[in-house]
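For reference, the structure is listed below as structure tokens.
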Amino acid sequence: MVENQKPVYYGDYLELSKLLGTQNPKSLEAGDESHDETLFIIVHQVYELWFKQILHEMDSAIKIFEQPEIEERQLSTVNARLQRIIKIQHLLLTQLEVMETMTPMDFLEFRDLLIPASGFQSVQFREIEVKMGLHTGKRKSVDREYFVGRLSQKDRDRVEEVEKSSSLFDLLEKWLERIPFTNNPAFDFWAEYKVAVEKLMKADEDIIKKNLATLGPTQKEVQLDNLNATQKTFASLFDDKLHKELVASKKRRLSQKATLNGLFILLYRDEPILNMPYQILNSLMDIDENFTTWRYRHALMAHRLLGTKIGTGGSSGHHYLKMAAEHNQVYVDLFNLSTFLIPRRDLPKLPKEVLKTLNFYFNESE
Ligand code: HEM
């Protein structure tokens, strides 16, 4: 114990008298307490506490990522923060089961007392979305209206303030653009990769052509169209104009440079220096996937508890929530990078000098 330090008391340290004094059911206030309203309040409060912790971890990762140069050891810290978010998300997902112990009839006892309060007004949830990279402009129009439309002016100002700073997505893009390994003047990695891909495409084409004789005219057309589409997708990797068209039509978001460097990390993830960047990309995909899973799971719960009734915030209820789950994935470009992966055996062999820059060396004389 530090000298002269007053003994700390558990309840004071955690400010439990404040924390445990904040469960005030509306039904009790109205004179007829519904048993399950306490559960409803506590489950929401616990979510908000975990949202606070998620924001704490995200802010720390953002602060590191904001630096113009990031040291290798700091990347491990970023990944540790992201991994903690993933573990919290697992709790958030299973917590819905506790909520679901409340039946639709029990919910009906106090639901109308809550109108027009709604999860739409969770300003921390909005902050998490924005910090992940889901800005107002990236949402569907119906969603955009609900996004800040139900918030108080103070909360809306807070979200708008957060929208002005860089999200994890923006910072990831800048960091990926800075990754140096493919800029070796002695070795044109992408030219070699293109040759490897063309070889694979040719093999696919040969298989399809061989099978064409056994197919009907419609099936033939479908197969050739699919092959064409795959070839075009690969071409878009290197064709700046095509890439820009995809960005303009909102089919792609990451810059071409960031996309290519992200792909390089995924292809050569086994090289020691690329392993931590690979883990960070993977963690971000896990977080994105976990949020999407939570959205679907929450939509199912809303369906189960409300049927097809509208939500207390005025949306179409579970229909709206399903739509939001479908459209609000942020790191789609990272998921799509798997399209461009090729088997390890077909990967271009990296020259010794490049391999050296991707490895750690321990010199005996030092
Ligand atoms: C009885 C349980 C619940 C039901 C029936 C329910 C239902 C709904 C509905 C219908 C909406 C759409 C907005 C509206 O019209 O009100 C919504 C939104 C939302 N709810 Fe819940 N909810 C429940 C529990 C929870 C819990 C425990 C959380 C945790 C914080 C939560 C967080 C949210 C969030 C963040 C939104 C906004 C989602 C978005 O805009 O994409 N809900 N909820």
Side-chain angles (χ1 to χ4, degrees), residues 22-23 25-27 34-55 85 88-136 138-152 155-156 158-159 162 287-288 290-330:
T22 56
Q23 292 73 39
K26 284 278 164 218
S27 55
S34 305
H35 177 83
D36 282 9
E37 196 181 344
T38 301
L39 175 81
F40 187 81
I41 293 172
I42 288 182
V43 170
H44 279 85
Q45 287 179 333
V46 172
Y47 267 102
E48 290 294 338
L49 282 176
W50 283 126
F51 289 163
K52 186 169 182 180
Q53 187 65 38
I54 289 179
L55 284 167
I85 294 176
I88 295 172
Q89 287 179 311
H90 293 165
L91 285 179
L92 297 188
L93 200 59
T94 47
Q95 252 189 82
L96 288 175
E97 289 177 23
V98 183
M99 188 82 274
E100 278 175 335
T101 60
M102 177 176 77
T103 69
M105 293 289 275
D106 295 328
F107 186 36
L108 280 177
E109 284 190 18
F110 62 92
R111 174 178 183 257
D112 287 354
L113 297 171
L114 312 180
I115 294 170
S118 154
F120 276 151
Q121 294 164 337
S122 170
V123 68
Q124 290 202 102
F125 189 78
R126 293 305 183 222
E127 225 179 286
I128 291 173
E129 290 182 319
V130 173
K131 284 186 175 164
M132 278 289 283
L134 190 58
H135 291 227
T136 315
K138 301 282 172 209
R139 310 179 81 103
K140 280 186 86 76
S141 55
V142 46
D143 192 11
R144 218 173 294 159
E145 141 62 18
Y146 288 134
F147 183 54
V148 285
R150 300 290 189 276
L151 294 179
S152 67
D155 285 346
R156 197 185 292 205
R158 178 165 159 198
V159 174
V162 179
I287 293 176
D288 201 32
N290 286 339
F291 274 128
T292 304
T293 309
W294 185 85
R295 286 180 198 275
Y296 274 115
R297 196 50 194 80
H298 169 259
L300 282 173
M301 179 190 68
H303 194 182
R304 187 169 177 173
L305 278 148
L306 298 175
T308 55
K309 287 193 197 83
I310 61 165
T312 47
S315 79
S316 61
H318 86 97
H319 279 300
Y320 163 78
L321 293 170
K322 259 202 254 173
M323 184 282 296
E326 208 137 281
H327 291 281
N328 287 342
Q329 204 189 334
V330 186

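Everything quoted here is computed from the prediction, not taken from an experiment. Ligands are counted one by one from 1 in listed order, and the atoms in each one are counted from 1 as well. The chain is numbered in sequence order, starting from 1.
Using a 4.0 Å cut-off between heavy atoms, Trp50 makes no contact with ligand 1 at all. For His44, every heavy-atom contact with ligand 1 shorter than 4.0 Å involves the side chain, none the backbone. Contacts between Leu306 and ligand 1, counted as non-hydrogen atom pairs separated by less than 4.0 Å, involve the side chain only. By the criterion of a heavy-atom distance under 4.0 Å, neither the backbone nor the side chain of Gln121 is placed next to ligand 1.
Excluding waters, the set of protein N, O or S atoms lying under 2.8 Å from atom 21 (Fe) of ligand 1 comprises His298 NE2.
Scanning for side chain to side chain contact (heavy atoms under 4.5 Å, CB included) contacts around Val162 gives Glu127, Val130, Lys131, with sequence neighbours left out. Partners of His35 according to the side chain to side chain contact (heavy atoms under 4.5 Å, CB included) rule, which considers only residues two or more places apart in sequence or in another chain, do not exist here.
The six-membered or imidazole ring of Phe107 lies near that of Phe40, with a centre-to-centre distance under 6.0 Å.
Among all protein heavy atoms, the one lying closest to atom 32 (C) of ligand 1 is Trp294 CH2, 3.6 Å. The protein atom (non-hydrogen) at minimum distance from atom 5 (C) of ligand 1 is Phe107 CE2, 3.8 Å.
For Tyr320, a nitrogen or oxygen atom sits less than 3.5 Å from a nitrogen or oxygen atom of ligand 1, counting backbone and side chain alike.
Evaluation of the salt bridge (Lys or Arg N to Asp or Glu O under 4.0 Å) test over residues 110-120, restricted to residues two or more places apart or in two chains, returns none.
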